[in-house]
Amino acid sequence: MCVTDVTPIEEIDDLPEQMQIRRDKRVAILSSGEDAYPVTVPVTTTVSAIRQKYAHLVADDHSGDAVGVAGRIMFMRNTGKLCFAQIQAGAGETLQLMLSLDRVGEVALESWKSLVDIGDIVAVEGEVISSKRGELSVTADRWQMASKALRPLPNLHKPLNEETRVRQRYADLIVRDTARNVARLRPAVMSSLRNSFAKRDFIEVETPMLQTMHGGAAARPFVTKSNAFDMELFLRIAPELFLKRCVVGGIERVFEINRNFRNEGADSTHSPEFAMLEFYQAYADYNDMADLTQALIQEAALAVHGSLDFELVEGGRRDLSGEWHRISVFPAVSEAVGQEITPATPIETLRALCDAAEISYDPKAIHGKLVEELLEHYVVENLTRPTFVIDYPVDTSPLVRDHRTVAGVVEKWDLYIDGYEAGTGYSELIDPIIQRERLVAQSQLKDGGDAEAMQLDEDFLRALEYGMPPSGGVGMGVDRLLMTLTGLNIRETILFPLVKPE
RNA sequence: GGGCCCCUAGCUCAGUUGGUUAGAGCAACGGACUUUUAAUCCGUGGGUCGUCGGUUCGAGCCCGACGGGGCCUACCA
């Protein structure tokens, strides 16, 4: 037994009335010799178990079974001699509690009325019954505070504004079904992905998040410092170069799901830290990887929705069924602009086409970049179904091998779903000499001031010199996969997205 | 980074051309009620109007700076 000091240490001035009242109730509970935050409460079952087991009870039915159950009070109705409350527990299941004068007695009923608020977590012991109105209930013989809430819950009938949802996700999870569902959707999707890989003999690895040089993507890194080594370190922007080292080492089918960090802007589709899935398969090319990517996403949709054509959280439907289209960059752009565009098209022509379409572009933009601008403007905007856009310009893709037949393009695809890039896949560049040339060119860009260009990773090149089998690789944002499966923006799919301090 | 908009009670929001004491719903407090489902009825309290400064006889409202947020736009997944 411990002695609890029930004397208020100091009245907090300017505390909102409702919070002060709840603090007073806490003190009242402690003063009566009860505990407002007990170490344990007599719980024998769960709300969802009760709902399953007693679903058959008809109105005014009594089970004869005594249970102990606990949950958070979401709704209360205190009348003279019979009180109702609805508790919420588990994945958001609810159950009615009833406290009648007959069963709990006058003292317990009065203390319930005077000490319990919406938002409190309570435990009751009593019988499972169905009320006269047919509501499955536990009618209490005893009740006990499990955790006194000192803050009132947000209005349950109006949506919490977006900022408060993100800043106080705990409150959001209490009051909003969608928040709870999305929190459970992510692990369900992860587990589907891992099952999909397991049955195809892929091995999951974990590669460094703290890297001495950043590579594998074009992005600004977060920089930090190791005190012990007295050196600059980077939070990784991609695991690519390490996963390729794995493939060199003989882990022929490998994947990683982990966080990437990019020191760039945040909006409805970008977060500074985001979950990335990358996978590599030896003796596969970008066509095989497109097949596999489509299978992974379709299997995840089936796992969480039971269908490839499903309803989105905020209305509308998404259809991921069938074989997804594959369209080639240069032919698609050529068709859209009404003239033949190839890697040999003069850059002035591309600039003129961008100007004509009122596309703003960086005056220093290279040939491939302009082609991609035209692609985004004319083609990607109009994609309604999931589509693999294949065969990109070589000059924007330093880690991809040249196309086996078409000059000036590489074997790369981007998967577009609903207008955003859901993933990217390559036939990997495995020739160490060409890879060195490409990375040297990148490091010269970097020296020229391009903060997103890659550094020259000598150890990665050394690994390639041991010989990497012909391979395909894919990178896919897990948050974006959740967006695909829900239609929500990225901040709704991440439980605790980065926000500035209040 | 550029443009536009927002910040009022615990929560969600009104608030007129600058003018008495800043309102509503839910929530809270007191009372009635043994079948309520956002109960109903009677009564009550709750606000540094994001912060700081300015204009004015007078500012939630007008002006400026700062903080936080949203949307659009540019870049990255």
Side-chain angles (χ1 to χ4, degrees), chain A residues 14-22 24-25 59-60 74-86 94 96-104 109 113-114 117-119 129-135 137 139 149-168 171-172 174-175 216-221 237-238 260-278 359-362 365 369 372-373 376 396 414-417 420-424 450-452 474-481 483 489-491 499-502:
Chain A
D14 300 333
L15 202 59
E17 180 195 36
Q18 297 194 43
M19 288 177 60
Q20 187 56 56
I21 287 166
R22 285 169 181 254
D24 293 344
K25 289 180 179 178
D60 214 10
M74 303 303 288
F75 172 84
M76 286 186 84
R77 184 102 302 133
N78 287 348
T79 65
K81 301 184 181 66
L82 178 64
C83 298
F84 298 89
Q86 189 181 66
T94 59
Q96 178 164 278
L97 305 182
M98 294 168 63
L99 289 90
S100 71
L101 181 62
D102 305 346
R103 291 188 78 127
V104 294
L109 191 66
K113 286 195 220 175
S114 61
D117 291 301
I118 291 175
I129 65 162
S130 178
S131 74
K132 283 183 186 169
R133 294 292 189 87
E135 182 81 30
S137 310
T139 183
L150 298 184
R151 284 177 187 268
L153 243 34
N155 188 338
L156 293 171
H157 313 294
K158 298 275 187 172
L160 213 45
N161 78 48
E162 198 183 333
E163 184 180 359
T164 312
R165 283 185 197 175
V166 169
R167 287 193 188 277
Q168 301 186 37
D172 188 34
I174 292 169
V175 301
R220 287 170 183 261
I237 56 174
N260 285 354
F261 305 86
R262 298 191 183 175
N263 205 343
E264 292 169 344
D267 61 26
S268 63
T269 60
H270 295 86
S271 169
E273 57 176 313
F274 61 101
M276 187 72 164
L277 162 66
E278 284 202 15
I359 300 168
S360 62
Y361 56 89
D362 186 338
K369 188 73 199 164
E372 289 181 21
E373 295 280 2
E376 298 227 346
T396 56
D414 275 352
L415 170 61
Y416 282 93
I417 300 178
Y420 54 84
E421 197 185 324
T424 187
D450 184 346
E452 293 178 3
V474 172
M476 197 164 103
V478 175
D479 316 282
R480 290 201 168 174
L481 176 54
M483 291 164 63
N489 78 36
I490 201 165
R491 280 158 67 95
V499 278
K500 288 196 191 178
E502 286 171 273

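From a predicted model like this one, the values you see are computed outputs, not experimental measurements. Convention: sequence-line order gives letters A, B, ...; per-chain numbering from 1.
Across B:C75 and B:U48, the matching P atoms stand 45 Å from one another, rounded to whole Å. Nucleotides B:C61 and B:U55 have their P atoms positioned 15 Å apart, rounded to a whole Å. Taking atom C1' in both B:A9 and B:G23, one finds a spacing of 10 Å when rounded to whole Å.
Across all strands shown, A:K369 has heavy atoms under 4.0 Å from sugar-phosphate atoms exclusively, and none from any base. Across all strands, A:E278 comes closer than 4.0 Å to no nucleic acid atom at all (heavy-atom distances). Among the protein residues, A:N78 comes within range of the nucleic acid bases, having at least one heavy atom under 4.0 Å from a base atom. Within 4.0 Å of A:T424, counting heavy atoms only, lies no atom of the nucleic acid at all. Nucleic acid contact for A:M476: none, since no nucleic acid atom lies under 4.0 Å from a heavy atom of the residue. Across all strands shown, A:R151 has no heavy atoms under 4.0 Å from either base or sugar-phosphate atoms. At the heavy-atom level, A:Q96 lies under 4.0 Å from base atoms of the strands shown.
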Under a 4.0 Å heavy-atom criterion, the protein footprint on nucleotides 2-10 of chain B, written with B, S and -, is --------B

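Under the salt bridge (Lys or Arg N to Asp or Glu O under 4.0 Å) criterion, A:K81 pairs with no residue, sequence neighbours left out. For A:E17, the salt bridge (Lys or Arg N to Asp or Glu O under 4.0 Å) criterion is met by no residue, not counting sequence neighbours.
Between the side chains of A:D24 and A:Q20, at least one donor N or O sits under 3.5 Å from an acceptor N or O.
Judged by distance alone with a 3.5 Å cut-off, a donor-acceptor contact links the side chain of A:H270 to the base of B:C76.
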